Amino acid sequence: MKKKIIKTLSGLFATLAVGIPACADGTPPAIENNFQNLFAEKRWDEMDALAGKSGEVLSVKEKVLYGNSLWFRGDFKRGLDVFREVENDVPPQILPYLRMRIVLGLERAGQTTEALKEALVLEGEKNDVLAPYVYYAIGRLSQSLGESALAERAYRSMAFAASDSEQKRTALRELFALSTADEEDARALLGLEPLNEAALDVLEKTGPPYQAKDALLLAEAAISQKQYEKVLEYLSNTAEAGKSEEQRISLLVARAHASLGRKREAADEFYRLASSHEVAESLAMEAISLLKGMARREDDDYVKGLLAALSVSGKRSISAEAIAALAEIYRRKGDEKQRIKWEDKLLESHPQNPLIVPIMWERGWRAWKAGRPEKAAIFWDGALHANPSARDEAKLLYWLHRARKVLGQNTAGITEPLRLKHPLDYYTLIALGDPSFPFSEEKSALLERSEHDLENWGFMIYARMHLLQEGCLGQAQGL
């Protein structure tokens, strides 16, 4: 079976590799030019021989490919010379990426001032993909030249232009390294790194009293560091807070009290937050989760009673969460009678809530192991109507397929969702053996939108950046 799955996967990926266009402008993936073939196959010695051959005239594109081959080999000086030679001849859509290579080449060659001049020119290109990297280059180059004001401007621009959290995190860290970060920078960095000491220090100096949003950031960090008295200190010294901030403060204060041994007081506050119709559902769910943790750790009947009271809440989502929490508590305790009682209550009162999926799966599995496929099929079919996760759906479809096959029933209504919705899932491969995957040889609208042929010019990393920014993750991973 394992060999069969591997063979199926190999065939599938071979199909995908042939069928997906490699270039955004429709250029076929097979590189026709011999020089391009050598680059694609990393046959560097043969490229060197062709480039140095007497009487051989390379096109602009071939020179750029050769320059990129030198770059990949770490020969930045020779690569820089090639890029400089063709800078005025490349197409406008390629020029910004070649200039970025020039900036990096000059930086590596120690020509910092010249590199900064080039980066400042490149800044004017307004290229969304390159912008964070251009600003980062300006920042570090100007910083090394002692131009702190320019470095700060660049890092702030980088934070604003960042296309992902890592870029923003890098820019904010650099601002802290320059000692120019302010409270807004601290809040932004703590949103990415909740325990960043430099950012916490900046916020701590703003009070007391603290703005509520700052007190919450400081308190969250203190909870992570198990400094519960500091949590209470921060949260008792806050300026006027909004309604949602007040509720969050109440939750964190209760967490601190629970950790300091004042568990009854904390449990009552968690219950109040979970049962209130004025509290956001996400915070109410967090309060129930904290109650569940207290009940499980302490085997506290009082806390279980609070959860039981929440189980009849008028808010269906809160009721379901409380019932599921009690079922799990008794399952962990090994109390089968109470576990079944609360599971049955959940199935009866919330038959389409995703919380029932693990229960229905487990009951179906027990029926299957007991030789009762008809019962197993009923449970697994019910779980499929409760909005399972993609992974759970594939598993349930597969086992429902198995059960119905044993029962001699039609399985077409199961195999089709498996094939179409979960084509690469393990369960699809073992269910269908050699599935016929949905595939179109037409270019996607996403590829039609792209304007750059960066891959065929050797700018692999920049081609990947474009695909990632446009949402074409699969193709980006192939570069």
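The model shown is predicted, which means the values in this text are computed figures rather than measured ones. As a basis for the values below, the full set of heavy atoms in this structure was taken, side chains included, without hydrogen atoms, waters or symmetry mates.
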**OP:** Can you establish whether the number of heavy atoms outside Lys292 located under 6.0 Å from its atom NZ is more than 12?
**Re:** yes
**OP:** Quick one: closest heavy-atom pair of Ser165 and Leu192, and the distance?
**Re:** CB-CD2, 3.7 Å
Subject >> Six-ring centre of Tyr97, Arg101 cation under 6.0 angstrom, axis tolerance 45° >> reply: no
**OP:** Would you check, one step at a time, whether the test side chain to side chain contact (heavy atoms under 4.5 Å, CB included) holds for Gln225 with Lys230?
**Re:** CA-CA 10 Å; Gln225 296 163 338; Lys230 292 205 76 172; over 6 Å; no
Original post:
Is the shortest side-chain N to carboxylate O distance from Glu321 to Lys315 below 4.0 Å?
Top reply: no
**OP:** I would like to know whether Ile288 and Phe270 meet side chain to side chain contact (heavy atoms under 4.5 Å, CB included); could you show each step before the answer?
**Re:** CA-CA 7 Å; Ile288 289 179; Phe270 292 147; over 6 Å; no
**OP:** Show your working on side-chain hydrogen bond (donor to acceptor under 3.5 Å, both in side chains) between Tyr66 and Arg78 and close with a plain yes or no.
**Re:** CA-CA 10 Å; Tyr66 186 55; Arg78 288 173 64 204; 3.0 Å; yes
Original post:
Got Phe72 and Lys42 here, is their nearest side-chain heavy-atom distance under 4.5 Å?
Top reply: no
Original post:
For the residue pair Leu195 and Leu190, what are the closest heavy atoms and their distance?
Top reply: N-CD2, 4.5 Å
**OP:** Indicate the atoms forming the closest heavy-atom contact of Ala320 with Leu346, along with that distance.
**Re:** O-CD1, 3.7 Å
Original post:
Side chain of Gln247, backbone of Glu278: donor and acceptor closer than 3.5 Å?
Top reply: yes
Original post:
Quick one: does Leu307's side chain get under 4.5 Å of Tyr271's, heavy atoms only?
Top reply: no
Subject >> side chain to side chain contact (heavy atoms under 4.5 Å, CB included) between Leu98 and Phe459, intermediate numbers included >> reply: CA-CA 8 Å; Leu98 184 134; Phe459 294 105; 4.0 Å; yes
**OP:** Over all heavy atoms of both residues, which pair between Val103 and Ala119 is shortest? Give the atoms and the distance, please.
**Re:** CG2-N, 3.6 Å
Subject >> Lys395/Asp425 under salt bridge (charged side-chain N to carboxylate O under 4.0 Å, His left out): CA gap, chis, key distance, verdict >> reply: CA-CA 9 Å; Lys395 177 175 72 173; Asp425 195 276; over 6 Å; no
Subject >> Interatomic spacing from OG1 in Thr238 to CG in Leu218 - rounded to 0.5 Å >> reply: 11.5 Å
**OP:** Check the angle between the aromatic planes of Tyr210 and Tyr234 and answer parallel, tilted or perpendicular using the 30° and 60° thresholds.
**Re:** perpendicular
Original post:
Just wondering, more than 12 heavy atoms not from Phe160 lying within 6.0 Å of its CZ?
Top reply: no
Original post:
Would one find more than 12 heavy atoms of other residues, nucleotides or ligands at under 6.0 Å from atom CG of Asp164?
Top reply: yes
Original post:
Any side-chain heavy atom of Leu355 within less than 4.5 Å of one from Ile323?
Top reply: no
**OP:** Check for a donor-acceptor pair, side chain of Thr170 on one end and backbone N or O of Glu166 on the other, with a separation under 3.5 Å.
**Re:** yes
**OP:** Find out whether Arg99 and Asn127 are in side-chain contact, i.e. whether some heavy atom of one side chain is under 4.5 Å from a heavy atom of the other.
**Re:** no
Original post:
Counting only N and O atoms by type, is there a donor-acceptor contact under 3.5 Å from the side chain of Asp185 to the main-chain atoms of Asp182?
Top reply: yes
**OP:** For Ala151 and Gly139, work out which heavy atoms get closest and say how close.
**Re:** CB-O, 3.6 Å
Subject >> Side chain proximity check, Leu95 to Glu87, heavy atoms < 4.5 angstrom >> reply: yes
**OP:** Determine the minimum heavy-atom distance between Ser319 and Ser313, stating which atoms define it.
**Re:** CB-O, 3.9 Å
Subject >> Donor-acceptor pair, side chain of Asn68 and main chain of Trp457, under 3.5 angstrom >> reply: yes
Original post:
How many angstroms lie between atom CD1 of Ile102 and atom CG of Leu106, to the nearest 0.5 angstrom?
Top reply: 7.5 Å
Subject >> Check: Ser69 side chain, Trp44 main-chain N or O, donor-acceptor pair, under 3.5 Å >> reply: no
Subject >> Nearest-0.5 Å distance that lies between atom CZ in Arg169 and atom CG in Asn196 >> reply: 9.5 Å
Subject >> Leu189 backbone acceptor or donor facing Glu193 side chain under 3.5 Å >> reply: no
**OP:** Output yes when a side-chain donor or acceptor of Tyr155 lies under 3.5 Å from a complementary backbone atom of Arg140, and no otherwise.
**Re:** yes
Original post:
Quick one: does Glu125's side chain get under 4.5 Å of Met100's, heavy atoms only?
Top reply: no
Original post:
Are Val90 and Lys61 close enough that some pair of their side-chain heavy atoms sits under 4.5 Å apart?
Top reply: no
Original post:
Can you tell me if Ser276 uses its side chain to pair, donor with acceptor, with the backbone of Leu273 under 3.5 Å?
Top reply: no
Original post:
Roughly how far, to the nearest 0.5 Å, is the CG atom of Leu216 from the CD atom of Gln211?
Top reply: 11.0 Å
Original post:
Should Arg187 and Glu183 be marked as a salt bridge (charged side-chain N to carboxylate O under 4.0 Å, His left out) after you check the CA-CA gap, both sets of side-chain angles, and the distance that decides it?
Top reply: CA-CA 6 Å; Arg187 294 179 192 114; Glu183 291 93 335; 6.0 Å; no
Original post:
Hey, what do you get for CG (Leu150) to CG (Leu116), rounding to the nearest 0.5 Å?
Top reply: 6.0 Å
Subject >> Full working for side chain to side chain contact (heavy atoms under 4.5 Å, CB included) between Glu220 and Val231 >> reply: CA-CA 8 Å; Glu220 295 273 12; Val231 174; over 6 Å; no
Original post:
Is the shortest distance from a Lys or Arg side-chain nitrogen in Lys77 or Asp81 to a carboxylate oxygen in the other one below 4.0 Å?
Top reply: yes
**OP:** Verify salt bridge (charged side-chain N to carboxylate O under 4.0 Å, His left out) between Arg272 and Glu269, making sure each step is shown before the conclusion.
**Re:** CA-CA 5 Å; Arg272 184 189 71 79; Glu269 185 59 22; 2.6 Å; yes
Subject >> From OG (Ser259) to CD (Glu229), nearest 0.5 Å >> reply: 11.0 Å
Subject >> Non-hydrogen side-chain atoms of Glu46 and Leu50 separated by less than 4.5 Å >> reply: no
**OP:** Verify side-chain hydrogen bond (donor to acceptor under 3.5 Å, both in side chains) between Ser244 and Arg248, making sure each step is shown before the conclusion.
**Re:** CA-CA 6 Å; Ser244 62; Arg248 185 78 192 159; over 6 Å; no
**OP:** Could you label the plane-to-plane angle of the Trp71 and Phe76 rings as parallel, tilted or perpendicular, counting under 30° as parallel and over 60° as perpendicular?
**Re:** perpendicular
